[in-house]
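Below: the structure, in C-alpha cells.
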Amino acid sequence: MNGSLVVVGTGPGKAELMTPAAQAALARATDLVGYGPYLDRIPARGDQCRHASDNRVELDRARLALSLAAAGRQVAVVSGGDPGVFAMAAAVFEAVETGDPAWRSLDIRVEPGVTAMLAAAAEVGAPLGGDFCAISLSDNLKAWTTVERRLKAAAQADFVIALYNPASKARPHQLGQAFELLREFKAADTSVLFVRAAGTAETEVITTTLGAADPSRADMRTLVIVGASTTRQVGRWVYTPRSERGAPS
C-alpha cells in the first residue's frame, strides 16, 4: 500500500499556534478527514478532498481515513489541539486494532499540536509548573464512577488538575459534582481557573477559588484548571512553584 495517514493537531485556534510540521502535513494531503468546524479552520484548496463529519463519530471517521489511505490516498486526519490528548490519534489506533489487518502495514504518523491545557495555562501564567494531571469529565466513553475515582486520587495526591470537557448541554451538572468531590480534599481557597477559547481572539479568563467556583461559567470551549495547595496568585498571574515547599521566601 502506497497511501499514508497522518493525524494532525491544529492547536487551539490561532493559525500561528499550528506547528510548521502540521501545516506541511496538511499541504501534502490529498484528503482531509475531520470534524466539520476543525476542517473549516483550514484554507480550502481545489485539488484536496474534504470529508467532514459530526463530532461523535470518531471511530467511523478513523475507519474512513484508513480506508482512503489503504486505497493509495495521502490522508490527513484533522484534530483540534493535540491529537493524542482526548482526540483523534487514539481513535485511529483503536480502528487499526479492530479493523482490517492490512491497515497495520500503513504509513501512519502523528503530528502533535498545542493542547487546550497548555494554551489555557499560558493565558494565566504557569499553573502547570508543578506536577499535574488531565482528566476528562465526559462520561460518553467511561463510567462517571471512573471519573470520580480519578478525581479523588488526583485531589488526594495534591496534583494540579486540568479538566477537559467540563460541561455540555447533555452533561450540565457534572462539573458541579466534580467541584463538590474536590472540596472534600482541597481547601476552599484553592485556585480555580476557567479559561474559555484559549489561544483564540475570544479568550476569556475567570480566576476564582474552589469554594466560590460557579460551574455554570463553563461550556465545552472551557478548560478548567484546579490548583494544588502550592498554587498561588501573583498580581494577575497564577503559577504553581516547581518545588513542593512552595515559593521562595
Side-chain angles (χ1 to χ4, degrees), residues 9-22 79-87 110-137 147 150-167 175 178-179 181-183 185-215 217-249:
T10 60
K14 290 181 182 176
E16 56 266 36
L17 291 180
M18 190 189 308
T19 70
S79 186
D82 181 281
V85 180
F86 304 123
V110 179
E111 286 294 350
V114 177
T115 187
M117 66 180 173
L118 302 183
E123 298 284 357
V124 299
L128 307 181
D131 293 336
F132 65 89
C133 67
I135 297 175
S136 171
L137 293 189
V147 177
R150 292 172 180 170
L151 285 170
K152 179 179 178 181
Q156 289 178 317
D158 198 25
F159 282 109
V160 175
I161 308 171
L163 297 175
Y164 279 73
N165 305 314
L175 181 59
F179 283 156
L181 186 152
L182 293 174
R183 288 176 185 132
F185 304 97
K186 288 179 173 283
D189 62 354
T190 300
S191 294
V192 172
L193 305 161
F194 293 78
V195 186
R196 186 178 186 278
T200 75
E202 294 81 40
T203 301
E204 300 174 4
V205 177
I206 297 173
T207 303
T208 183
T209 64
L210 185 57
D214 178 1
R217 305 303 297 268
D219 61 15
M220 283 298 287
R221 295 191 71 193
T222 305
L223 193 288
V224 179
I225 298 176
V226 180
S229 61
T230 55
T231 304
R232 62 199 64 222
Q233 186 165 356
V234 181
R236 69 185 184 91
W237 304 109
V238 175
Y239 86 107
T240 303
R242 293 167 294 167
S243 169
E244 68 178 355
R245 294 183 296 276
S249 57

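Since this is a predicted model, take the numbers as computed values, not measurements.
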| Counting heavy atoms not belonging to Arg183, are there more than 12 under 6.0 Å from its CZ? | yes

I'd like to check [X] versus [Y] (side-chain heavy atoms, cut-off strictly below 4.5 Å). Are they in contact?
{"X": "Leu118", "Y": "Leu128", "answer": "yes"}
{"X": "Phe194", "Y": "Leu175", "answer": "yes"}
{"X": "Val192", "Y": "Arg217", "answer": "no"}
{"X": "Met117", "Y": "Leu163", "answer": "no"}

Smallest separation among heavy atoms of [X] and [Y], with atom names:
{"X": "Ala162", "Y": "Leu223", "answer": "CB-CD1, 4.3 Å"}
{"X": "Pro12", "Y": "Gly199", "answer": "CG-CA, 4.0 Å"}
{"X": "Gly125", "Y": "Pro127", "answer": "C-CD, 3.6 Å"}
{"X": "Phe179", "Y": "Val226", "answer": "CE2-CG2, 4.2 Å"}
{"X": "Ala218", "Y": "Val224", "answer": "CB-CG2, 4.4 Å"}
{"X": "Ala178", "Y": "Leu151", "answer": "CB-CD1, 3.7 Å"}

| request: Please check if the side chain of Lys186 supplies one atom and the backbone of Ser191 the other of a donor-acceptor pair under 3.5 Å. | output: no

| Hey, is the main chain of Ser79 close enough, under 3.5 Å, to the side chain of Thr10 for a donor-acceptor pair? | yes

| task | Take Leu182 and Ile161 through the test side-chain contact (heavy atoms from CB on, under 4.5 Å) and record every step on the way to the result. | result | CA-CA 10 Å; Leu182 293 174; Ile161 308 171; 3.9 Å; yes

| field | Partner residues of Phe86 under the ring pair (Phe, Tyr, Trp, His ring centres under 6.0 Å) criterion, sequence neighbours left out | value | Tyr164

To the nearest 0.5 Å, how far apart are [atom1] in [X] and [atom2] in [Y]?
{"X": "Lys14", "Y": "Thr203", "atom1": "NZ", "atom2": "OG1", "answer": "6.0 Å"}
{"X": "Glu111", "Y": "Met18", "atom1": "CD", "atom2": "CE", "answer": "11.5 Å"}
{"X": "Thr190", "Y": "Asp158", "atom1": "OG1", "atom2": "CG", "answer": "8.0 Å"}
{"X": "Leu137", "Y": "Met220", "atom1": "CG", "atom2": "CE", "answer": "9.5 Å"}
{"X": "Ile225", "Y": "Glu123", "atom1": "CD1", "atom2": "CD", "answer": "10.5 Å"}
{"X": "Asp189", "Y": "Gln233", "atom1": "CG", "atom2": "CD", "answer": "12.0 Å"}

| request: Identify, with sequence neighbours excluded, every residue that meets side chain to side chain donor-acceptor pair (under 3.5 Å) alongside Arg196. | output: Asp219

| said: The criterion is side chain to side chain donor-acceptor pair (under 3.5 Å); which residues satisfy it with Glu16, sequence neighbours excluded? | reply: none

| said: One pair to check against side-chain contact (heavy atoms from CB on, under 4.5 Å): Thr208 and Asp214. What are the steps and the verdict? | reply: CA-CA 9 Å; Thr208 183; Asp214 178 1; over 6 Å; no

